[in-house]
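Structure, as structure tokens:
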Amino acid sequence: MRQFYLFLLGLIITAGAFAQGSGSIVGVLSDKEVNNEPLPFATVQIKGTTKGTTTDFDGLYEIANVEAGSYTVVFSFVGYETVEIPNVTVEAGKVTTINTGLGATAAALDEVVITTTVSRESEVALLLEQKNATSIQQSIGADELARKGVSDAAAAIAKISGVSKQSGGSGNVYVRGLGDRYLNTTYNGLSLPSNNIERKNINLDLFPSDIIQNVAVSKAYSTKFYGDFAASNVDVIAKDYKGQGFLDISLGTGVNSRALGKDFVRSEGTGYFGFYNRYDNNPFAVVLSQPVDPVDGGQPINLNGSISGGTSFNFKNDTRLSVFATASFSNDFEYRRGSQADFTSEYKQRFDDVEEFEYSTTTTAMANLIYRINSKHRISYNSLFLNSSSDEVGDYGIDGTGTNRDAIINTDEGFFVRNILFSQDMIFVNQLSGDHQINDKFELSWGVGYNRVFARQPDRKRFTLENYQNALDNDPTTNPSFYNNTNFDNQRYFQNIEDEELNSRLNLEYTASETVKFNFGYNGRTKTRDFDNTRYGYDLKQPRTEVTDIDNLDGVFNLDNLSTVYDTYVFRPLAPEIGLTNRNLPGNLENTYNGKLDIHAGYVNAEITTGDWLFVPGIRIESFRQSIAYDVINLGNSGVGEASGYDNFYLPSLNVKYGLNDDSNLRFSFSKTISFPEFKEVAPFVYEDVTQRVGGNPDLLNDPAVSNIYNLDLKYEWFYGKGELLSVSAFGKEINDPINKVIANDATGTQRYFRTGDKANVYGLELELRKNLLMDEDDQSTLSAGLNATVMKTEQKLKSSDGLFSSTLDRTDELQGASPFLINADLSYSPTRFKNYKPVANIIYSYFDDRIEALGAGQLGNIVEKGVHNLDFVLRNELGRDWEINLSAKNLLDPNIQYFRAESAGDIIISNYKRGIDMSLSVKYSF
């Protein structure tokens with residue numbers, strides 16, 4: 001078909017050339033890095049003239065009305081070699097044809113001159129991938145990430161239609177109103193573990209833009225994905241490099257408007273780079289020997305730096321070894337002042353004045369090796385290390401008005417809590433993959449991955465006081481006292497999670513003919529999680545032990561005062577059978593659970609092209625087994641047990657694409673998928689924060705073990721210009737036996753997970769528009785805009801539950817996590833280069849409407865996350881070829897981050913604070 005188009009194009013141009021006495025240059029430009037597929041939007045220029053053009057989606061180009069003569073034709077594409085072909089003769093009334101290709105290494109022709117090579121990460125290339133994809137997907141690449149000042153993967157996919165990011169600095173994202181439990185995250189097509197007990201997916205904040213080539217969000221199911229799919233699969237593609245050697249160094253600094261000028265504090269025993277110094281010590285030894293007061297946190301000035309480098313080594317027979325490595329560090333100071341409360345049918349605790357200092361770090365190191373045996377065989381190795389830490393010191397009730405209905409001395413005022421929490425997550429990812437074109441009929445793609453996660457909360461410290469108003473009255477004779485209703489109102493807490501996962505993928509592509517292609521594949525995952533925690537309580541000897549200085553608790557909890565002022569206490573003695581008690585001695589682990597997950601799947605699909613239609617029918621057969629063994633204290637005699645689920649699934653799918661013309665498609669997708677509970681949803685361990693408690697429910701594995709989901713999508717997409725797109729989508733989902741987080745109908749108000757009804761329905765519309773508003777004389781965009789919006793409706797009939805944890809719902813409500821309206825917009829201004837200066841300015845806006853954080857049980861109202869408007873400004877400044885200076889101001893509107901309890905008598909504020917405006921400056925130099 002391409003040859004026919006080229007012939008027809010040549011015929012038309014020839015007729016025009018005869019009429020005008022001039023000639024033309026035509027041809028097809030191909031991509032050597034992608035099996036000689038067409039390379040669209042590349043530049044074709046006659047050197048030394050203003051005549052030129054760009055290739056279309058099929059790689060075709062034509063330069064008409066060229067005066068007869070001899071020319072040098074230059075082919076270039078951002079991120080690829082620039083090829084110059086000299087001595088191209090153009091004759092009057094004739095067509096000169098040049099078919100060539102671009103790649104990331106030098107071609108073997110003597111007359112071709114290579115001028116530059118870098119990685120391909122452009123927006124137009126990703127739009128081509130979206131246009132040609134066999135299912136509905138959207139991607140954002142490194143070029144767009146840099147232009148919009150996007151710093152991590154979570155912020156990246158929040159720019160895609162139907163996607164929103166949770167407020168409050170979280171890396172949790174929602175796609176089409178469905179949250180963490182309905183998403184999957186992969187890295188180079190291989191699954192990733194979670195770094196957080198509270199989440200199924202890894203925190204996408206941990207993936208800095210330095211390691212990202214592009215991020216793809218697939219909203220329609222394909223058999224290559226695991227069956228646990230409802231909202232999307234998010235695939236982070238690691239940056240690689242092919243070309244001459246380079247080295248980039250970047251340094252930056254910044255401040256937060258609310259943190260600036262504050263006297264920051266952080267946990268004792270933690271380091272500047274986010275590592276804890278005492279992991280090798282027994283927790284009881286730490287309790288006895290290490291102080292409890294927070295220490296000086298330094299000046300709240302953010303710093304960041306990165307170094308990236310890569311090169312390629314070319315050998316004989318088209319063999320090439322490419323190396324890319326990057327390492328980065330960033331920190332962040334954030335100060336929050338607001339309110340928090342624990343409210344069920346009444347206030348259990350209420351703090352109208354809460355002050356929190358948070359110091360966080362992210363350290364990343366990634367290495368990527370690509371060995372290209374020849375043009376048909378390639379093997380890659382990727383190793384990734386991520387370390388993230390969060391160091392929080394929070395004082396609740398600093399104005400002396402905090403209340404607690406269970407207080408001993410005064411329930412109406414003076415209740416105070418100091419919470420000191422350091423969390424560290426270390427993630428190790430290793431992947432080996434390969435791509436092989438066996439012959440003209442068969443292509444083989446494979447990958448294996450091994451992941452380890454170490455997520456820890458070492459030595460959380462929590463202290464509780466009553467009559468704190470006495471510390472504010474300037475009267476040295478009146479002091480607050482320790483609240484000591486239980487032995488754990490003042491405590492030290494230690495928590496460890498270790499995940500280990502082995503996963504794999506295999507796909508054999510068979511091209512039966514030009515119109516029929518088959519894919520046969522396998523996916524496998526084996527994952528384990530080990531969780532444990534230890535907690536030591538401080539049992540004060542005197543019922544109302546006074547506190548003379550809240551900032552000197554070291555003067556109370558030290559080794560000299562052990563057994564005279566306080567005892568340490570654990571629930572489980574180390575060896576009760578030989579008479580050891582639970583006081584002033586090391587203890588056994590308080591809570592443990594072990595989770596196991598095994599998934600094995602085979603699939604087959606076909607890609608059938610007939611005229612303008614592409615049909616992709618497929619079937620996936622997946623075997624699922626999950627178990628959880630637990631030993632927890634909060635369930636008493638029922639706290640030791642095991643739950644498991646096993647099933648086999650047949651998951652059909654159909655993706656259809658109809659090419660309305662060369663620039664637009666109509667897509668349809670239908671599939672059946674499943675959703676199974678995550679370990680944290682089934683483990684009955686309860687994590688106690690200051691004002692909320694969250695635990696799991698083992699009943700989820702047998703009532704039933706999974707949710708069956710039916711998905712339907714219809715999409716129109718029009719690629720009407722270079723980098724321009726208009727798309728409209730409609731989607732619907734039916735989720736049978738959905739899981740929601742619910743505030744249990746008991747005295748504690750613990751949030752747990754329940755199968756809350758027979759089914760939930762999701763309906764929605766999406767709109768996306770990318771438009772170039774102004775173009776320069778070289779047909780490059782100088783002013784462009786992007787807009788995407790989603791309108792959604794969710795509904796579920798909630799049933800009454802009387803299982804292990806009663807929920808008592810029985811009403812109709814929205815789905816947890818669903819926002820009825822989302823919008824993302826950006827405006828980019830990139831004027832013509834002023835000699836060696838090239839500025840790019842971006843304004844980026846996003847908004848999500850109110851969404852349910854947890855369903856209320858019985859007569860209790862829902863906990864709702866208030867909608868948030870966000871506005872960022874990013875300015876990039878290229879100075880010559882080597883320097884880059886970037887400025888940004890993010891969260892300019894500084895909205896309230898608010899959660900409230902929706903009650904009939906009026907909304908009750910659960911949490912309310914502001915995060916401040918983040919301003920930063922960075923300098924980058926490329927060698």
Side-chain angles (χ1 to χ4, degrees), residues 265-271 275-297 357 391-395 408 416-424 456-466 468 471 476 479-496 532-576 578-591 633 688 690:
V265 289
R266 57 184 171 90
S267 301
E268 191 279 334
T270 62
F275 291 88
Y276 182 64
N277 302 323
R278 303 191 179 96
Y279 277 127
D280 293 335
N281 296 344
N282 181 279
F284 186 65
V286 174
V287 171
L288 293 184
S289 63
Q290 303 302 327
V292 300
D293 290 325
V295 298
D296 182 15
F357 299 85
D391 198 334
E392 295 181 71
V393 177
D395 286 345
I408 299 171
F416 174 92
V417 177
R418 169 165 289 178
N419 192 62
I420 305 170
L421 172 62
F422 174 75
S423 301
Q424 182 182 8
R456 296 160 172 168
Q457 290 185 5
D459 198 12
R460 182 190 74 190
K461 310 172 185 74
R462 184 173 296 166
F463 303 100
T464 309
L465 278 64
E466 294 186 279
Y468 186 70
N479 294 301
S481 59
F482 284 109
Y483 175 65
N484 196 29
N485 190 35
T486 73
N487 294 327
F488 293 96
D489 290 320
N490 301 279
Q491 60 172 263
R492 309 276 283 271
Y493 176 91
F494 303 80
Q495 176 178 295
N496 297 286
D532 66 70
N533 85 278
T534 303
R535 185 169 50 154
Y536 287 90
Y538 289 114
D539 184 16
L540 280 304
K541 293 289 188 177
Q542 299 297 323
R544 296 183 181 179
T545 302
E546 288 194 353
V547 180
T548 57
D549 185 358
I550 183 60
D551 295 320
N552 185 26
L553 297 184
D554 291 343
V556 178
F557 300 111
N558 55 58
L559 192 57
D560 292 337
N561 288 340
L562 183 64
S563 297
T564 57
V565 177
Y566 68 92
D567 285 339
T568 62
Y569 181 90
V570 291
F571 268 108
R572 294 181 171 172
L574 188 62
I578 61 172
L580 294 183
T581 71
N582 48 12
R583 292 183 179 273
N584 298 338
L585 289 171
N588 287 313
L589 297 174
E590 182 177 82
N591 298 282
I633 62 171
E688 300 181 18
V690 175

Could you go step by step and tell me if Ser289 and Leu559 meet the side chain to side chain contact (heavy atoms under 4.5 Å, CB included) rule? CA-CA 7 Å; Ser289 63; Leu559 192 57; over 6 Å; no

Spell out, as yes or no, whether a donor-acceptor pair under 3.5 Å connects the side chain of Asp489 to the backbone of Thr486. yes

Can you tell me how far CG of Asn584 sits from CG of Leu288, rounded to the nearest 0.5 angstrom? 8.0 Å

Hey, could you give me the CG/CG distance between Asn582 and Asn588, rounded to the nearest 0.5 Å? 11.0 Å

Test of understanding: with side chain to side chain donor-acceptor pair (under 3.5 Å), list the residues that count as partners of Arg418, not counting sequence neighbours. Asp395, Asp551

Donor-acceptor pair, Asn558 side chain versus Asn561 backbone, under 3.5 Å? yes

What pair of heavy atoms forms the shortest contact from Glu466 to Ile408, and how long is it? OE2-N, 2.7 Å

Sequence neighbours left out, what passes side chain to side chain contact (heavy atoms under 4.5 Å, CB included) with Asp554? Give chain and number order. Pro291, Val292, Asp293, Asn552

Would you say CD of Glu546 has more than 12 non-hydrogen atoms from neighbouring residues, nucleotides or ligands within 6.0 angstrom? yes

Residue of the set Phe571, Tyr536, Tyr493, Tyr538 for which ring-ring contact (aromatic ring centres under 6.0 Å, His included) holds with Phe488: Phe571

Take Phe463 and Val417 through the side chain to side chain contact (heavy atoms under 4.5 Å, CB included) test and state the conclusion after the steps. CA-CA 6 Å; Phe463 303 100; Val417 177; over 6 Å; no

Arg462 vs Glu688, test: salt bridge (charged side-chain N to carboxylate O under 4.0 Å, His left out). Steps then yes/no. CA-CA 11 Å; Arg462 184 173 296 166; Glu688 300 181 18; 5.2 Å; no

Test item: Asn533 and Asn496 side chains (from C-beta on) under 4.5 Å apart, heavy atoms: no

Do Arg266 and Asp296 come within less than 4.5 Å of each other through their side chains, counting heavy atoms only? no

If you measure from CD on Gln495 to CG on Leu421, what distance do you get to the nearest 0.5 Å? 9.0 Å

Any side-chain heavy atom of Thr568 within less than 4.5 Å of one from Val287? yes

Working to the nearest 0.5 angstrom, can you tell me the gap between Phe284 CZ and Leu574 CG? 10.5 Å

Leu540 side chain near Asn490 side chain, heavy-atom distance below 4.5 Å: yes

Phe482/Phe557 under ring-ring contact (aromatic ring centres under 6.0 Å, His included): CA gap, chis, key distance, verdict: CA-CA 12 Å; Phe482 284 109; Phe557 300 111; 5.3 Å; yes

Whether Glu268 and Arg278 form a salt bridge (side-chain N of Lys/Arg under 4.0 Å from carboxylate O of Asp/Glu) is what I want to check. yes

In terms of side-chain heavy atoms, does Asn479 have a donor or acceptor partner in Thr548 at a distance below 3.5 Å? no

Rounded to the nearest 0.5 Å, what's the gap from OG1 on Thr581 to CZ on Arg583? Could you check? 8.0 Å

Over all atoms of both residues, closest heavy-atom pair of Ser267 and Val295: O-CG2, 3.8 Å

Nearest heavy-atom pair of Gln290 and Arg492: which atoms, and what distance? O-NH2, 3.5 Å

To the nearest 0.5 Å, tell me how far Phe422 CZ sits from Thr270 OG1. 5.5 Å

Any chance you could lay out the side chain to side chain contact (heavy atoms under 4.5 Å, CB included) test for Asp549 and Val547, step after step, and finish with the verdict? CA-CA 6 Å; Asp549 185 358; Val547 180; 5.8 Å; no

Is there a side-chain contact between Thr545 and Ser481 in this structure, where contact means two heavy atoms from C-beta onward sitting under 4.5 Å apart? no

Establish, yes or no, whether the cationic atom of Arg456 lies under 6.0 Å from the six-membered ring centre of Tyr279 and within 45° of the ring axis. yes

Taking side chain as C-beta onward, heavy atoms only, is Val565 less than 4.5 Å from Val556? yes

Just so I know, are the side chains of Asp567 and Lys541 near enough to count as touching, which here means a heavy-atom distance under 4.5 Å? yes

Could you please spell out the steps behind the side chain to side chain contact (heavy atoms under 4.5 Å, CB included) verdict for Ile633 and Asn591? CA-CA 6 Å; Ile633 62 171; Asn591 298 282; 3.6 Å; yes

For Phe494, is the NZ or CZ atom of Arg535 found under 6.0 angstrom from the centre of its six-membered ring and inside 45 degrees of the ring axis? no

